[in-house]
Amino acid sequence: MTEFRLTSLAQSLPDTVPFVGPETQERARARLFDARLGANENVFGPSPIAIRAMAETQHWMYGDPESFELREALADHHGITPDMIVVGEGIDGLLGYLVRIMVAPGDAVVTSDGAYPTFNYHVEGYGGVLHKVPYRDDKEDVDALFKKAAEVDAKLVYLANPDNPMGTAHDGTDIVAALQHLPEGTLLVLDEAYLECAPQGVALPLPMDDPRVIRMRTFSKAYGLAGARVGYAMGAPDLIGAFDKVRNHFGMNRAAQAGALAALDDQTWLRSVQARIVASRNRIADITRKNGLKPIPSAANFVAIDCGGGPEYAKAVLYEMVSRGVFIRMPLAAPQNRCIRISCGTPAQLDILTEILPVAVRAVEMG
C-alpha cells in the first residue's frame, strides 16, 4: 500500500494541533521549566480527599459508562436532574461530541477571532465553516457574535465566559439580555471552564435546561484535576441525550470519576483554592506593573498582560521568559497578541517570575 485512503476532508486539513504542550517545549530545550505558568493549570492541586479517592480506585474495572454517581452528585450540586448532564473527557472532548452531533460539512459556526482554538479544531475536523468576529475592549463581543450568527445561519455560537486567553468576563445578566438577538435554531455554546474562578454575577441566571444554551464546565481548573480530564455539559435533556449516540461510553476512567466525585464533595478545599487564585492574580498584577507592563483585570486563573509595544514586543518578552525557564503563553490573534498570558502560580513560582521578568524585559529593550 503506497497511499492511505483518508477522507477528502482529512486530506484537506493542515498538519497542525491546537496547542504545543510544555512537555514538547521541554524536550526541544532538553531541560525542564523552572516555573510552569502557561497552561492555566491549578498549581495548588486537587483536594487531598480527591487524591486519596483516585489512589484507592479499583483500576481493574472499567469506569461506569454512565458516570452515574458523578452525574447524580452534579445534579444535586446544581439543583437539576441527571438527564440534563453529560460527563466527558474534559470540555475538549465534549466540544468534539457536540460538533459531531450538530455540525455537518458546510454548516456555519461562529466564534471570536483568537478564542479557544480547540473548538475551531473540532469544527474544521467535521467540515464546518468558521465565521469569526473580533474582540471588543479585550472581551468577546456577544452582540457581534449573535449578529454574525443571524447573517450566516449558524448552527453554533461559541462564547467563553470568563474568556481565554484574556481572562475578561461578562455579567451573566448581560448575556441573558443579548440572547433575545440569538437567531432561532442557533445554539449558544457557553464555555464556563473558569467560572469557579470568577466573582459573583458572571454565571448565567437562566434555567440549566434553557434550550438556547449548552454550558460546559470542568474539573480541570479550580478543582485541580486537569490530568484526570473530567468535564461536563448541562442543557436540555433532549440535547444532552443526543450525546449518547456518539460519545465514547468508556472514555471516562474510573479514577477520574472517583476523583471528581470527591473533589465536588470538598467545597471547603475549593474555597481555599479560590482564595489562593485571587492572591496569585493580585501578585502577578503587582509584579508586572513594577516592570512597566499593564495587567488586564482577570476573572480566571491567569492574567493577560498588555506589554504595550505591539505583538513583536510581546513575542520577544515571551521568548526571553521561556529561554530563561519560565513557561508562559500569549494570544495569537490581533490585537490581543500585544499581550502575554501568565497563569496563577505558587508563591515560589511567582518568586521566580519576580526574578526573571525584569531580566527578560531589559533584554528585549536592549535589543
Side-chain angles (χ1 to χ4, degrees), residues 14-46 51 54-55 90 92 116-118 121 164-165 167 193-194 220-221 224-229 273 276-277 279-281 283-293 295 298 300-333 336-367:
D15 295 326
T16 57
V17 294
F19 294 105
V20 177
E23 293 84 1
T24 303
Q25 296 184 43
E26 287 175 330
R27 286 189 287 270
R29 299 171 67 244
R31 57 173 288 198
L32 299 177
F33 287 112
D34 299 315
R36 180 168 164 143
L37 300 172
N40 299 346
E41 296 149 327
N42 174 5
V43 299
F44 309 113
I51 294 172
M54 290 187 287
D92 290 356
Y116 192 50
T118 298
Y121 175 80
N164 180 18
Y194 298 95
S220 294
K221 304 303 179 184
L225 289 170
R229 310 305 299 128
V273 167
R276 281 182 274 184
I277 288 172
S280 182
R281 285 195 312 233
R283 188 174 173 198
I284 291 169
D286 183 58
I287 292 167
T288 53
R289 283 194 199 100
K290 289 178 178 177
N291 287 277
L293 309 180
S298 174
N301 71 338
F302 59 87
V303 184
I305 311 297
D306 186 343
C307 293
E312 292 306 316
Y313 185 89
K315 187 183 297 184
V317 172
L318 180 142
Y319 173 81
E320 294 294 341
M321 295 289 289
V322 169
S323 68
R324 289 170 170 79
V326 178
F327 168 59
I328 61 173
R329 282 198 170 117
M330 65 178 290
L332 298 178
Q336 293 79 246
N337 61 353
R338 72 191 192 282
C339 300
I340 57 175
R341 193 195 69 189
I342 303 174
S343 302
C344 290
T346 63
Q349 289 172 324
L350 297 189
D351 287 345
I352 295 172
L353 178 68
T354 301
E355 175 188 350
I356 298 300
L357 182 59
V359 176
V361 170
R362 279 198 303 272
V364 174
E365 291 177 347
M366 291 175 62

S.K.: Are any non-hydrogen side-chain atoms of Asn337 and Leu332 less than 4.5 angstrom apart?
M.R.: no
S.K.: How long is the straight-line distance from OG1 of Thr346 back to CD1 of Ile352, given to the nearest 0.5 Å?
M.R.: 7.5 Å
S.K.: Using the side-chain contact (heavy atoms from CB on, under 4.5 Å) rule, take Arg283 and Asp351 through it: C-alpha gap first, then chi angles, then the decisive distance, then the call.
M.R.: CA-CA 10 Å; Arg283 188 174 173 198; Asp351 287 345; 2.6 Å; yes
S.K.: Please give me the minimum heavy-atom distance between Ser280 and Phe44, naming the atom from each residue.
M.R.: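 So the minimum-distance heavy-atom pair works out to CB-CZ, 4.3 Å.
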S.K.: Would you indicate whether Tyr121, at its atom OH, is surrounded by more than 12 heavy atoms from other residues, nucleotides or ligands within a distance under 6.0 Å?
M.R.: no
S.K.: Mind checking what makes side-chain hydrogen bond (donor to acceptor under 3.5 Å, both in side chains) contact with Asn42, not counting sequence neighbours?
M.R.: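 Partners of Asn42 under the side-chain hydrogen bond (donor to acceptor under 3.5 Å, both in side chains) test: none.
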S.K.: Of all heavy-atom pairs between Arg36 and Gln349, which one has the smallest distance, and what is that distance?
M.R.: N-NE2, 4.0 Å
S.K.: I'd like to check the salt bridge (Lys or Arg N to Asp or Glu O under 4.0 Å) partners of Arg324; sequence neighbours left out, ordered by chain and number.
M.R.: Glu320
S.K.: To the closest 0.5 Å, what do you measure between CD1 (Ile284) and OG1 (Thr354)?
M.R.: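 Between Ile284 CD1 and Thr354 OG1, I get 9.5 Å after rounding to 0.5 Å.
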S.K.: For a quick test of reading the model, state the closest non-hydrogen atom pair linking Gln336 to Pro331 and the distance between them.
M.R.: O-CG, 3.4 Å
S.K.: Please report the closest heavy-atom contact between Ile51 and Pro46, naming both atoms and the distance.
M.R.: CG1-CG, 3.7 Å
S.K.: Mind checking side chain to side chain contact (heavy atoms under 4.5 Å, CB included) for Ala279 and listing every partner two or more places apart, or none if nothing turns up?
M.R.: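 Side chain to side chain contact (heavy atoms under 4.5 Å, CB included) check on Ala279 returns nothing, list empty.
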S.K.: Calculate, to the nearest 0.5 Å, the distance between atoms CD1 and CD1 belonging to Ile340 and Ile305 respectively.
M.R.: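 Those atoms lie 6.0 Å apart.
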S.K.: Answer whether the closest heavy-atom distance between the side chains of Val364 and Glu312 falls below 4.5 Å.
M.R.: no
S.K.: Going by side chain to side chain contact (heavy atoms under 4.5 Å, CB included), name the residues that satisfy it together with Arg229, two or more places apart in sequence or in a different chain.
M.R.: Asp92, Ser220
S.K.: With a 4.5 Å cut-off on side-chain heavy atoms, are Tyr313 and Glu365 touching?
M.R.: yes
S.K.: Can you name the residues that form a side-chain hydrogen bond (donor to acceptor under 3.5 Å, both in side chains) with Lys315, not counting sequence neighbours?
M.R.: none
S.K.: Could you tell me which non-hydrogen atom of Leu318 sits nearest to which non-hydrogen atom of Arg329, and how far apart they are?
M.R.: CD1-C, 3.4 Å
S.K.: Can you tell me how far the CD1 atom of Ile328 sits from the CG atom of Leu357, to the nearest 0.5 Å?
M.R.: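 Here the interatomic distance stands at 8.0 Å.
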S.K.: So, for Ala360 and Met321, which heavy atoms are closest and what is the spacing to 0.1 Å?
M.R.: CB-SD, 3.6 Å
S.K.: Under the side-chain hydrogen bond (donor to acceptor under 3.5 Å, both in side chains) rule, collect the residues that match up with Ser343, sequence neighbours excluded.
M.R.: Asn40
S.K.: Which residues pass the side chain to side chain contact (heavy atoms under 4.5 Å, CB included) test with Asp286, not counting sequence neighbours?
M.R.: Lys290
S.K.: Partners of Glu355 by salt bridge (Lys or Arg N to Asp or Glu O under 4.0 Å), sequence neighbours excluded?
M.R.: none
S.K.: Run the ring pair (Phe, Tyr, Trp, His ring centres under 6.0 Å) test against Phe327 and tell me which residues pass, sequence neighbours left out.
M.R.: Phe33
S.K.: Quick check for you: to the nearest 0.5 Å, what is the distance between Ile342 atom CD1 and Leu353 atom CG?
M.R.: 5.0 Å
S.K.: Is there side-chain contact between Val303 and Thr288, with at least one heavy-atom pair below 4.5 Å?
M.R.: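 Side-chain contact under 4.5 Å: no.
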S.K.: How many angstroms lie between CG in Leu32 and CD in Glu23, if you round to the nearest 0.5 Å?
M.R.: 9.5 Å
S.K.: Holding to side-chain hydrogen bond (donor to acceptor under 3.5 Å, both in side chains), I want the full list of residues that pass it with Arg276, two or more places apart in sequence or in another chain.
M.R.: Ser272
S.K.: List the residues meeting side chain to side chain contact (heavy atoms under 4.5 Å, CB included) with Ala285, not counting sequence neighbours, and say none if there are none.
M.R.: Arg289, Pro295
S.K.: Hey, does the side chain of Arg341 reach the backbone of Asn164 with a donor-acceptor pair shorter than 3.5 angstrom?
M.R.: no
